[in-house]
Amino acid sequence: MRYISTRGEAPVLAFSDALLAGLARDGGLYVPEAFPALSASEIAHFAGHSYAEVAGKVIAPFLDAAFAPAVLKPMLEEAYASFRHPATTPLVQIAPNRFVLELFHGPTLAFKDVAMQLLGRMMDHVLIQRDQRATIVGATSGDTGGAAIEAFRGRERTDVFILYPAGRVSEVQRRQMTSVPDANVHAIAIEGTFDDCQAHVKAMFNHHAFRDELRLAGVNSINWARIVAQVVYYFVAGAALGSPHRPVSFIVPTGNFGDVLAGYVAKRMGLPVDRLTIATNVNDILSRTLATGRYEITGVMPSSSPSMDIQVSSNFERVLFDALDRDAGALRGLMASLAQSGAFAPPNAAMAAIRADFDAGRTDEAQTAETIARVRRETGYLLDPHTAVAVSVAERAAHDPRVPQVVLATAHPAKFPDAVERACGERPALPPHLADLMERPERTPTLPNDITAIEAYITAHARASGHTA
Ligand SMILES: Cc1ncc(COP(=O)(O)O)c(C=O)c1O
Ligand SMILES: N[C@@H](CCOP(=O)(O)O)C(=O)O
């Protein structure tokens, strides 16, 4: 499989190169030249197999020779052995034909672990093969950072620098990043929003001298490997509920569009997905885009689901590219409009293509809290605020009652104890491996919202560990 940039002006790469590249050199995102297809009998065969086994089948067509089966299999087994549930991503029924897909049984209690535990191992493997090192830069609204730090801590060939918006992540999320003592990981508070952090990460990739000197690599969902790893759980859930013989709908709490994009890829690969619903909080750029046909950035509002407090939804570019029939020139035009005026309006045909695959809904703060309290009262199930946003959208979505609705549960409620307690009066406890998190010492510099200061900090610290080219 080869990978092309959505902007059409970067080198075509093999998987291992795309894995290490992060953002394409033309500012675009790498996508596979074509989507591999899985047959109905292959999908039927997934039911009853372990998560790692299904992952092997789903991921293999995207890889290159660096990941022969003898390499991939133990990597997957190790990655998913770090999960605390034997099913890795279990389904729990919360209403007739409505399920939550629990993606939070990994080390940092968020769905990011599913991909990051694999990505850490994959990158290490390629860097060892090539005898190279890399400097990973990432932006987080709370969960990617902790998962990346956990997956890469202590790895000899990588330094990791995570930018997070100061004061806009939960205390548990912050401490998961700042209390890790390993010298190769750095959590940096930025006086800005997640969108600012993500813009700085992209600016570093677009600053080619800096990028090359530090051998930058990315672990955000700009990295295609993140998306591929997330495709797996759509197949696992679909097969458990009767696919390929039965269609399934997914409702996905959405911010940077990586998770719901993975569902779209699963559908393109042959999973019978009925509806894919984007669920946003009050930062509703995606639900507005679906409703109005205009993608328009407004200010970010802090919410009780902070990991979704995002306006610039990176991966929307990948779906847009397909909706534009992969016309990179047209995509560059829309992105130039976004950079100049903070908005763009895709052509009608592209919007029709997007609406054929996706629905969208928005949940406000009061609805989020009401959903947490009501679902707890009526079913005993405790939702985290991000999952509650999606459950509320699922409850209001027009859908065929014969088709199972699967809501992706993206975080454990204990990551957001204040919001959960405000909603239902109950304070969820952290699992035993994090029981002393609040007592662990923290280390985190605060930097101004300024790319020069950020690059200077990273250069100084990456050089200190000898990571420059
Ligand atoms: C808990 C949680 N839910 C949902 C999301 C949104 O996922 P995505 O950015 O892939 O759309 C995030 C952040 O990515 C998150 O951390
Ligand atoms: N919600 C994310 C934001 C970054 O998303 P990513 O999927 O591109 O890494 C977070 O928790 O950091």
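Worth knowing before you read on, the calculation uses all heavy atoms, side chains too, and leaves out hydrogens, waters and symmetry mates. Keep in mind it's a predicted model, so treat the numbers as computed, not measured. In each ligand, atom 1 is the first atom listed, and ligand 1 is the first ligand listed.
The aromatic rings of Tyr234 and Phe250 stand perpendicular to each other, their planes meeting at an angle above 60°, with 30° marking the opposite boundary. Ring geometry for Tyr51 against Tyr80 counts as perpendicular: the plane angle is over 60°, on a 0 to 90° scale with 30° as the lower cut. Ring geometry for Phe161 versus His186: interplanar angle under 30°, hence parallel rather than tilted (30 to 60°).
Within the structure, the salt bridge (charged side-chain N to carboxylate O under 4.0 Å, His left out) test picks out the following pairs touching residues 289-310 (sequence neighbours left out): Arg294-Glu296. Every pair passing salt bridge (charged side-chain N to carboxylate O under 4.0 Å, His left out) that includes a residue from residues 385-395 is listed here, sequence neighbours excluded: Arg374-Glu395.
Under a 4.0 Å N-O distance rule, the pair Arg268/Asp322 qualifies as a salt bridge. Ion pair Arg275/Asp357 not flagged as a salt bridge, since none of the NZ, NE, NH1 or NH2 atoms sits closer than 4.0 Å to an Asp/Glu carboxylate oxygen.
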Quick one: table the atom pairs, ligand 1 N or O against protein N or O, below 3.5 Å, distance rounded to 0.1 Å.
residue  : atom   : partner : partner atom : Å
ligand 1 : 3 (N)  : Thr410  : OG1          : 2.8
ligand 1 : 9 (O)  : Asn256  : N            : 2.7
ligand 1 : 10 (O) : Gly258  : N            : 3.2
ligand 1 : 10 (O) : Asp259  : N            : 2.8
ligand 1 : 11 (O) : Gly255  : N            : 2.7
ligand 1 : 11 (O) : Asn256  : N            : 3.2
ligand 1 : 11 (O) : Phe257  : N            : 2.9
ligand 1 : 14 (O) : Lys112  : NZ           : 2.5
ligand 1 : 16 (O) : Asp143  : OD2          : 2.5
ligand 1 : 16 (O) : Ser307  : OG           : 3.4

Per-pair distances, ligand 2 N/O vs protein N/O, less than 3.5 Å:
residue  : atom   : partner : partner atom : Å
ligand 2 : 1 (N)  : Ser141  : OG           : 2.8
ligand 2 : 1 (N)  : Ser307  : O            : 2.9
ligand 2 : 5 (O)  : Lys112  : NZ           : 3.4
ligand 2 : 5 (O)  : Asn256  : ND2          : 3.4
ligand 2 : 7 (O)  : Lys112  : NZ           : 2.8
ligand 2 : 7 (O)  : Ser221  : OG           : 3.2
ligand 2 : 7 (O)  : Arg226  : NH2          : 2.8
ligand 2 : 8 (O)  : Ser221  : N            : 3.0
ligand 2 : 8 (O)  : Ser221  : OG           : 2.6
ligand 2 : 8 (O)  : Asn256  : ND2          : 2.7
ligand 2 : 9 (O)  : Thr144  : OG1          : 2.7
ligand 2 : 9 (O)  : Asn220  : ND2          : 2.7
ligand 2 : 9 (O)  : Arg226  : NH1          : 3.0
ligand 2 : 11 (O) : Ser141  : OG           : 3.4
ligand 2 : 11 (O) : Asp143  : N            : 2.7
ligand 2 : 11 (O) : Thr144  : N            : 3.2
ligand 2 : 12 (O) : Thr140  : OG1          : 2.5
ligand 2 : 12 (O) : Ser141  : N            : 2.9
ligand 2 : 12 (O) : Thr144  : N            : 3.1
ligand 2 : 12 (O) : Thr144  : OG1          : 3.2

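When all heavy atoms are compared, the tightest approach of Pro417 to Val172 is CD-CG2, 4.1 Å.
Defined by atom type and a distance below 3.5 Å, a donor-acceptor pair is missing between the side-chain atoms of Gln176 and Thr108.
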